[in-house]
Asker: 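The structure that follows is given in the form of structure tokens.
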Protein chains: 2
Amino acid sequence: MSHTLITYFKQISQLSESSEEALHALIYTQSIPKNQDLQHIGQTCKTLYFLKTGIARIYYFHDGNDVTEGFYEPFCLIARAESLFAGAPSKKAIQVLEDAEVWSISTQELIALYDDHRDIERLFTRLFERAYVQTIQRIENLQFHTAEERYRLLAHEQPEVLRRVPLKYIASFLGITQVSLSRIRAKKN
Amino acid sequence: MSHTLITYFKQISQLSESSEEALHALIYTQSIPKNQDLQHIGQTCKTLYFLKTGIARIYYFHDGNDVTEGFYEPFCLIARAESLFAGAPSKKAIQVLEDAEVWSISTQELIALYDDHRDIERLFTRLFERAYVQTIQRIENLQFHTAEERYRLLAHEQPEVLRRVPLKYIASFLGITQVSLSRIRAKKN
DNA sequence: GAACTAATTTAACATTTGATAACTAGTTAA
DNA sequence: TTAACTAGTTATCAAATGTTAAATTAGTTC
């Protein structure tokens with residue numbers, strides 16, 4: 001009856017036995033091959049994802065250029081919040097960057113549990129709060145750090161991303177071109 | 001029994017009569033003079049604010065420089081979410097930029113209502129969801145637009161801010177220096 | 001109205017970043 | 001094997017932005 005993801009959830013917020021079971025029944029596990037989209041551009045976000053293994057990114061196109069909005073490592077909530085909360089199609093896609101094991105949860109089924117399982121509602125409220133706080137911190141980072149500082153911060157906060165993700169995806173995440181990223185890397189290595 | 005702020009709330013999410021009354025009892029109204037901090041740096045965020053009139057900003061110091069994180073117009077939820085959700089002191093302050101009428105709500109008292117008034121919990125979850133989505137959109141804006149594009153977007157989205165707020169505050173919000181902002185403004189005016 | 005003060009603009013120069021293209025190394029396919 | 005392709009780097013030049021300082025304008029105080 002124990003599930004790795006639920007064990008993780010319980011570190012975030014308490015869950016009753018019955019909530020644990022109810023939640024367990026919603027978790028769907030898939031294997032996704034490298035480079036495949038978990039969700040395509042244009043789909044409305046109705047599923048929450050968590051990685052068991054692998055790395056994922058959310059990306060979109062700006063003026064024809066592929067832009068990475070964020071990188072996601074195991075156990076991190078992956079969702080296109082702006083689509084989920086508005087119930088509108090997302091212009092962003094979720095892509096797995098390595099062969100990955102993915103846990104997914106239907107938001108519709110999840111929300112149906114909220115009335116009878118307030119601890120589940122609280123848990124997911126907290127998960128989104130955390131995501132929100134990370135987003136706020138990312139703005140601080142983009143607003144007043146140089147490209148080099150942003151690169152070093154990424155190296156510090158998500159070293160695995162730097163090791164495992166193609167640089168072309170990292171450049172757009174940092175808000176710079178790939179050429180500029182190369183220059184920064186050449187400085188101190 | 002009608003309150004302008006609650007009328008606004010009811011456009012966001014339904015409220016029962018009793019929830020309306022309970023919420024009404026929590027709303028505290030103050031007059032704050034121009035340039036005064038509503039909340040100081042170092043305080044933990046325990047109060048939510050809404051402006052009745054005036055304009056406010058959230059700011060902090062980065063390397064000794066005053067940085068504006070965001071501008072807030074009437075009826076917009078003002079909170080330092082990163083402090084509120086973590087229960088930790090905020091390094092940011094909330095400042096009123098004009099003489100203002102402010103509504104405030106204690107988060108402690110608010111949360112105490114959640115168990116008996118789920119519609120109130122839903123309302124504030126929605127208000128924070130909206131704030132979250134705006135934050136996501138702000139990242140897109142910072143990540144792949146030029147300073148000039150960001151200026152024009154602000155002019156489009158918050159024209160009142162441009163009219164009423166000193167440019168020194170606007171520059172840091174856009175992630176540029178005041179000198180650079182002056183140059184951009186000189187181009188097309 | 002004169003004297004201060006703060007806000008904004010302008011100028012000159014340095015630095016960073018973008019755009020484009022050439023080059024290298026590794027991979028895939030015929 | 002070569003040829004084609006992709007990712008990453010390097011080089012060159014142009015454009016944008018930062019830094020510093022001075023000039024101008026607007027607002028306040030006496």
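Since the structure is predicted, the reported quantities are computational estimates derived from the model, not experimental observations. A note on names: the letters A, B, ... follow the listed sequences, proteins ahead of strands, and every chain is numbered from 1.
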Asker: Identify whether any heavy atom of A:Ser180 sits under 4.0 Å from a base atom; if not, whether one sits that close to sugar-phosphate; answer base, sugar-phosphate or nothing.
Answerer: sugar-phosphate
Asker: Could you tell me whether A:Lys168 and A:Asp66 make a salt bridge, using a distance below 4.0 angstrom between a side-chain N and a carboxylate O?
Answerer: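 So A:Lys168 does not pair with A:Asp66 through a salt bridge.
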Asker: D:dT9 P sits how many Å from A:Lys168 NZ, rounded?
Answerer: 13 Å
Asker: Measure the distance from CZ on B:Phe144 to C1' on C:dG18 and round it to the nearest whole Å.
Answerer: 11 Å
Asker: Take the protein atom CD of B:Gln178 and the nucleotide atom C1' of D:dT17, then report the distance between them rounded to whole Å.
Answerer: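 These atoms are roughly 15 Å apart.
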Asker: Whole angstroms only, please: what is the CD-P distance between A:Gln143 and D:dT17?
Answerer: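 Rounded to the whole Å, the gap is 15 Å.
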Asker: Which nucleotide sits closest to the side chain of A:Thr146: C:dT17, D:dG8, D:dT17?
Answerer: C:dT17
Asker: Would you mind reading off the distance between B:Glu148 atom CD and C:dG18 atom P, rounded to a whole angstrom?
Answerer: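 Taking atom P of C:dG18 as the reference, CD of B:Glu148 is at 16 Å.
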Asker: Considering only heavy atoms from C-beta outward, does the side chain of A:Arg130 approach that of A:Leu77 to under 4.5 Å?
Answerer: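 They are not in side-chain contact.
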Asker: Looking at B:Glu69 and B:Lys92, is there a salt bridge between them, counting it only when a charged N and a carboxylate O are closer than 4.0 Å?
Answerer: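 Salt bridge: yes.
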Asker: Tell me the interatomic distance from B:Leu174, atom CG, to D:dG18, atom P, rounded to whole angstroms.
Answerer: 11 Å
Asker: Counting side-chain heavy atoms from C-beta on, which of D:dT10, D:dT19, D:dT9 comes nearest to B:Val179?
Answerer: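 So the nucleotide nearest the side chain must be D:dT19.
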Asker: Tell me whether the side-chain N/O atoms of B:Arg183 come closer than 4.0 Å to OP1 or OP2 in D:dT17.
Answerer: no
Asker: Per the salt bridge (Lys or Arg N to Asp or Glu O under 4.0 Å) rule, which among B:Lys52, B:Lys34, B:Arg163, B:Arg164 passes with B:Glu98?
Answerer: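 So the option named by the test is B:Arg164.
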Asker: Roughly, in whole Å, what's the span from CD1 in A:Ile176 to P in D:dA15?
Answerer: 21 Å
Asker: Among D:dG18, C:dT8, D:dT12, which nucleotide sits nearest the side chain of B:Thr177?
Answerer: D:dG18
Asker: To the nearest angstrom, how far is B:Arg185 atom CZ from C:dT8 atom P?
Answerer: 8 Å
